[in-house]
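Structure record follows, encoded as structure tokens.
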Amino acid sequence: MTTLPERTEKKLGLVIDLDTCVGCHACVISCKGWNTENYGAPLSDQDPYGANPSGTFLNRVHSYEITPASGPAQLIHFPKSCLHCEDAPCVTVCPTGATYKRTEDGIVLVNESDCIGCGLCAWACPYGAREMDAAAGVMKKCTLCVDRIYNENLPEEDQIPSCVRTCPAGARHFGDLGDPNSDVSQLVAERGGMDLMPEQGTKPVNKYLPPRPKDQIDEQIDILAPLLAPVSEEPQGFFSWLDKALERI
Amino acid sequence: MHPAPSVIVFTSLSGLGFGLLLWLGFGFPAVSGWVAFVFFAIAYLLAVGGLIASTFHLGHPERAMKAFTQWRSSWLSREGVCAVAALLVMALYGAGLVFVGERWSLLGWIGGLLSLGTVFTTSMIYGQLKTVPRWHTPLTPALFLGFSIGGGALMAGQVTAAIVLLIAVGAAQIAYWVIGDQALSKSGTNLASATGLGADGSVRPFEPPHTGSNYLLHEFGYVVARKHSQKLRVIGLLLVAVIPVLCLMLPFSHALAALAVLSHVAGVLCVRWLFFAEAEHVVGLYYGVRTT
Amino acid sequence: MAQPQLDLSPPVSDEIRKTTCYMCACRCGINVHMKDGKVAYIEGNRDHPVNKGVLCAKGSAGIMQHNAPSRLRAPLKRVGPRGSGQFEEISWDEALDLAVEWLEPLRADPEKLAFFTGRDQSQSFTSFWAQNFGTPNYAAHGGFCSVNMAAAGIYTMGGAFWEFGPPDWDHTKLVMLFGVAEDHDSNPIKMGIGKIKARGARVIGVNPIRTGYNAVADDWIGITPGTDGLFILSLIHVLMKAGKIDLDYLARYTNAPVLVNSDPKSPEYGLFLRDDDGKPLVIDRETGKLTPFDQPGVRPDLSAKYRQAGITHVPVFHLMAERYLSDEYAPEAVADRCGIAATKIRAVAAEIARVAFDEAFELEAEWTDFRGETHKTMTGRPVSFHSMRGVSAHANGFQTCRALHVLQILLGTVEVPGGFRFKPPYPKPVEAHPTPHCGVKPNSPLNGPHLGFVRGPDDLALKEDGTPARIDKAFTWENPMSAHGLMHMVISNAHSGDPYKIDTLFMYMANMSWNSSMNTRGVMDMLTDTDENGDYVIPRIIYSDAYSSEMVAYADLILPDTTYLERHDCISLLDRPICEADAAADAIRWPVVEPDRDVRGFQTVLVQLANKMKLPGFTDEDGTAKYTDYADYITNHQRRPGIGPLAGWRMSDIGLTEGRGDPNEGQLDSYISNGGFWVGHIPDEALYYKPWNTAYQDWAVKIGIYDTPQPYLFQLYVEPMRKFQLAAEGHGDRQPPDHLRDQIKEKLDPLPIWYETDQTGNDGFTVNALTQRPMAMYHSWGTQNAWLRQIHGRNPLYVPTKLMREHGLKDGDWAKVTSLHGEITVPVMEMAALNDNTVWTWNAIGKRKGAWALDKDAPETQKGFLLNHLIHELLPPKGDGLRWANSDPITGQAAWFDLKVKIERTTAPAQSQPAFDPITSPVGQGPDSLAWKVGK
Ligand SMILES: Nc1nc2c(c(=O)[nH]1)N[C@H]1C(S)=C(S)[C@@H](COP(=O)(O)OP(=O)(O)OC[C@H]3O[C@@H](n4cnc5c(=O)[nH]c(N)nc54)[C@H](O)[C@@H]3O)O[C@H]1N2
Ligand SMILES: Nc1nc2c(c(=O)[nH]1)N[C@H]1C(S)=C(S)[C@@H](COP(=O)(O)OP(=O)(O)OC[C@H]3O[C@@H](n4cnc5c(=O)[nH]c(N)nc54)[C@H](O)[C@@H]3O)O[C@H]1N2
Ligand code: SF4
Ligand code: SF4
Ligand code: SF4
Ligand code: SF4
Ligand code: SF4
Ligand SMILES: [Mo]
């Protein structure tokens, strides 16, 4: 049902740490693996061994260069999947009700058996979080691993999204962003978590932790300079310092 | 946006079809009998043909029926409902004219308004999209309605109305282009807001997330060369408004009238192609497709 | 309309089979989820010591490797000309008979066989096979990989970077990375960076390129390639000058106090003063007396000199002070060459000093050192370093890596909390390693292990006449300390018949006709070159691969391997184990699925070949086979009594035991039920100070890492290097050829130095050209993977903004890139976070048409490219009539990253150049669509 729920009991989502993401693509492939074997139609690939390979992925890692006014350029790895928006335009545009936002936890899903593959939801999503599967003819998107997070066939500790479980750097966090006391909400508060494209008015649930300030070491030198005061200017002095120093240990 | 032939044909033809139905519904021209049959036949061919074309790009056309369920929130759904209603009502109205020789004016008016509604809902499918700043403007419905009514008038042989409307539409189209060229940069959405990284310096896409292609690049990655689009704009304008208006101003002749209609139809297809091809989707920012 | 009812607990799989990943050499534990007997999904094993549940992109994509259309299907016999890729499939009986027909006669003259292995993870086994065959010509790929790190580490501190030791991620407060993009410890490094990022600790990345780890680094130092040694020695200069060094640590645990003969006229000049048992001598501060370094209660003196028989002996530390306090290492003196501002060098030194000394801390843990002294606590110095090929793949990499270790040791931050830690079987001093062996006798085994650590000229692998004993010229005067051999020289030496001709080249898991060779086209020519009577110059080539790689086309006989999910493997403590800093660990792979093709695990094939040839070691006197297959070998082979390939679940008279023990028929089952691995934890009091910690030494002896305790001193001053210098100066009876004397005198300095790598012929070629490992690709073999190749299907040359401007280039333009050896034409992209004078690309993305079951128009062949075409294994002629190797003069490490180029804009060719004609694919081409779902 295409109208958005008034409110959802939880706001489950991801918090992605741009200060820590090393851009390894582990989350990309883990997601591809889990979702090819699980929820709905497999994520297909076209011309996979050919001249123009393409395929469906629910999570992709971009990278951007930042050139500050002064100081060296920086490079940021930028994972992106569905942000499970509170005001999700993808939901309201869907003519069939295939796309919906779950009232329990706010997860935005596609009910593939209702999807006519018109693509309008992908047009409505500002984040490129939806990809039509060329083989299945239905819209695919991040399910927040809805078939893992409550799955009693998985050990408790594994009832988290596949991409979060696999992230070697621990740059992905999963939890209830509706609960101000949850670890993820705390993290967002401490690190100044941000929304992508706030002006689009989608109210994303997923948050991004900005990179910490970089290349600050030169600024410390004045404070630290005393540490480097020579024990003596000429080599001989060094050896007499050495003798004294050795006495002390 | 990827200018998919199916959508271009759909929006262009059904626009003209419903435009013609609208005029017929309001009783211009006041035809009946076999003449009415011909007019209605043309209108239905265009409207229905367009609607059918629109299903070509569906992954699951067999489920198309489901698309009528979400009229409460979805413009696409509303369009479906409107279209069907318009076609049914106008069919009844047309039947009256053709077979019974009766004009049930009220029915005609309702059908006409539904036709108008259909064109409006179609336009809102695009106009509603914040993600495509060029489309996200009242000018989009205005333009769709303009083309529909103007084209309809032309085909309904309403010469004076057609001249006025086509000149207006031509002007509106120019305005649309001028405003549209600024739309993305004025929208406030840019790579900095898309990544949240603007504060620390200028942001530039480095490596794409995948060297292989995907659905998003296919749908939103389309770029027309500036020179190319400028050319097409001129041609489109000539075909859609200038030539038809000139034909109409010259002393009437069937050849000229036919030329006016053909030129207009070709023009609509041309500007509709531009409508899609020139539209920038904000997802392009993430991929570095558009920098402005 | 109501919201759909979902099944929130769908079954995940029928069964989980736990084994070890082999999408790269990191060897993480994986849970292979099976549905209907098929591989459905692969995730990390949470209990596994290496990855603790996480998995990288390659690991998760294992399922696509396992079903790759490029998998070889049966043994192949060449029918067309070499390099054409034309083969016929033959049976295993035919294949083994043919191999034996070629190999057996060579036992009479074993050096006619060269057996080299690439990504081999069973080197203790493959070397055992080669040793029993009798050939001196065996090595793995370490010589072109990172032998500089291994050798510098082991000669200096008895352990190395690479995957043999990590920073103490849980305690460190500053990590400095020198030239690391990915490394073998792929997941552990990422996990470590994640940990310290979570603590808000600082990472400093020293790297010309700012991607990956260096992108998340808090500070980036875009150093000029090849100058790290100079930068590090400057840090040492500043820190020593400021007295910011750990004197207590230096006195106790290093050879800083060891006395060195300082009389230039003495034949022992530069050697240690030793007692009659050969123990290095120091002066005890308490008594002022001369004494062996290891006596109970000794407090070695760092400054006292000693005069004996008219010869003055000075402590090593004295020599270091004299050298490194010199102004030639002042930041101001090195700044320009390193491309790092002097202020930045000082800032880094200051930060190191601050964290090492002001943030030092004590762990409440009592331990006893090898002198019998008990310490109440363990002192943490939370500065740690890691380094890899950015340092090692330069011809000055050995000395640079030595310099880095010396810096660590001066700070007292090795094997202490917060510093760098060893993983068992390290620490292991040079003395505990074998020396190289090359004693060949017809029809009998080699006289010992091929590879080892030379102590001096006497250990070189030379024949009576002084010529190289090995085909790769390892352990010769050209590169005396080449501990891993020189695989990158084998083909060109075999081709030129220098030092001698061979008959059969037998290779395993190395794509030598493509990405793992320098001068790729030249190598193809050497492999296909014929002599005057039309015979191949390298008469026979046998190769084992699992996939349709570029190298397959160049072999006469292909022995197709299984995938890593279809065979037994053994990741052994005798080899490159999966230990962690606080535990010994080893692991296995086992057939979680049976091959659906006529392929066999290569190690089993080696056993079968050995049995057919009745090789000693594999067969009893009466010729009966000891092992039926590799699994049998893993279970029952004993290297030393009680020591086998696997340390877990061995047998003793009182039942199951660890480390030392008898073979146990149920061992592999125990591994499987434990998730494919074994872990033996190091006692708490033995977790740090391992080289000197009696508790550790005793534990190591107990589990069989060594047979007696081996406490030792860190070698700031490496005496074996001095011995080579002495020879070069004319001392001793084993003398180097005259043309090498100067090189040895200069480069084999026993204290770290920096020298600019050989730039002969590089005039006009001024831009550094590098490659990096993509985290989501593994060398050439990731490309056959349908998922991974969508991420890295082509590789532009990344060019710094400054050079883009200079050459009028914009993204997508093509550039001609020339070195004095070759030329390539490739697409370029701009990069700002890059050293101003460096270009780079991802390694091994470019592919040969016809390989890997890809369409011949695949982007990897059209836009992808290799930098290897620009790199030569030899330096250009210098006019001295000799060809010098493009490798480190100490270890022979291939100097991939010394490459200098020139770039110019050019019109786009049809495809990246050079282009090669397609090879015939032995497996056809992959399907044109995929929707891999094995469950219903
Ligand atoms: N995903 C993945 N992982 C792998 C591999 C793979 O192919 N893919 N290969 C495995 C193998 S075989 C190996 S040997 C290891 C290698 O692991 P790494 O040593 O990380 O290998 P490289 O990618 O060659 O990284 C070399 C780094 O050194 C930098 N560099 C080059 N020259 C200099 C210099 O002069 N100074 C400094 N400071 N930096 C420099 C380069 O920019 C690059 O970042 O990785 C292993 N792990
Ligand atoms: N320009 C440039 N060149 C480089 C480097 C660089 O940094 N820059 N790095 C160098 C380094 S450090 C290294 S280690 C080399 C690596 O280069 P290689 O050692 O050649 O590594 P791969 O390309 O992975 O090739 C290994 C071969 O093993 C095969 N193989 C994979 N799995 C199996 C298996 O299970 N069984 C068998 N029998 N075969 C298998 C693969 O199909 C492939 O043909 O590249 C070197 N080349
Ligand atoms: S797995 Fe983690 S570190 Fe790797 S790309 Fe994804 S978020 Fe970044
Ligand atoms: S990110 Fe896109 S797909 Fe996901 S909820 Fe928001 S709008 Fe919908
Ligand atoms: S593609 Fe499917 S989910 Fe998306 S709007 Fe169309 S019907 Fe709804
Ligand atoms: S939450 Fe699940 S579906 Fe979403 S990106 Fe992560 S792995 Fe993919
Ligand atoms: S790092 Fe990745 S590829 Fe390598 S072993 Fe671990 S999971 Fe497998
Ligand atoms: Mo390597």
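What you are looking at is a predicted structure, and each value in this text was computed from that prediction instead of being measured. Below, each value reflects all heavy atoms present in this structure, side chains not excepted, and no hydrogens, waters or symmetry copies. Reminder, nothing fancy here: chain letters follow the sequence lines and each chain counts from 1.
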Is chain A contacted by the side chain of B:A64, its backbone, both, or neither, given a heavy-atom distance below 4.5 Å? backbone

Using non-hydrogen atoms and a 4.5 Å limit, figure out which bit of B:E219 sits close to chain A: side chain, backbone, both or neither. side chain

Pick one of side chain, backbone, both or neither for B:L197, based on which atoms fall under 4.5 Å of a heavy atom in chain A. both

Between A:L120, A:D47, A:D133, A:L196, the one whose heavy-atom pairs under 4.5 Å with chain B are most numerous: A:L196

Given A:G55, A:C115, A:P79, the one with more heavy-atom pairs under 4.5 angstrom with chain B than any other is A:C115

So, A:D183 versus A:S185: side-chain donor-acceptor pair below 3.5 Å or not? no

Does any heavy atom of chain B fall under 4.5 Å from the side chain of A:I66, the backbone, both, or neither of them? both

Which answer fits A:Y127, side chain, backbone, both or neither, if we ask what part of it has an atom under 4.5 Å from a heavy atom of chain B? both

Select, from A:F57, A:F78, A:W123, the one with the greatest count of heavy-atom pairs under 4.5 Å involving chain B. A:W123

With a 4.5 angstrom heavy-atom cut-off, which part of B:Q128 approaches chain A: side chain, backbone, both or neither? side chain

Contact class of B:L217 relative to chain A, heavy atoms under 4.5 angstrom: neither

Which bit of A:H77 is near chain B, if near means a heavy-atom gap under 4.5 Å: side chain, backbone, both or neither? neither

In terms of heavy-atom pairs under 4.5 Å, which option from B:P209, B:G212, B:S77, B:S54 contacts chain A the most? B:P209

Proximal component of B:H57, with respect to chain A [non-hydrogen, under 4.5 Å]: both

Top contributor to chain B contacts, counting heavy-atom pairs under 4.5 Å, from A:P211, A:A69, A:A136, A:C125: A:C125

Whatever's closer than 4.5 Å to a heavy atom in chain B on A:P210 counts as neither

Side chain, backbone, both or neither of A:T202 within contact of chain B (heavy atoms, under 4.5 Å): neither

Using only heavy-atom distances, determine whether the side chains of B:Y287 and B:H210 contain a donor-acceptor pair under 3.5 Å. yes

Are a donor atom and an acceptor atom from the side chains of A:R60 and A:S81 found within less than 3.5 Å of each other? no

Will you find, in the side chains of A:S162 and A:S30, an N or O donor that is under 3.5 Å from an N or O acceptor? yes

Which answer fits B:L58, side chain, backbone, both or neither, if we ask what part of it has an atom under 4.5 Å from a heavy atom of chain A? both

With only heavy atoms counted, which part of A:M132 is less than 4.5 Å from chain B, the side chain, the backbone, both or neither? both

Heaviest contributor of heavy-atom pairs below 4.5 Å to chain B, chosen from A:A129, A:G137, A:S113, A:S63, is A:S63

Check whether A:K214 gets within reach of chain B through its side chain, its backbone, both or neither, counting any heavy atom under 4.5 Å. neither

Run the ring-ring contact (aromatic ring centres under 6.0 Å, His included) test on B:F276 and B:Y222 for me, step by step, so that the C-alpha distance in whole Å, both residues' side-chain angles and the decisive distance to 0.1 Å come before the verdict. CA-CA 9 Å; B:F276 288 99; B:Y222 196 88; over 10 Å; no

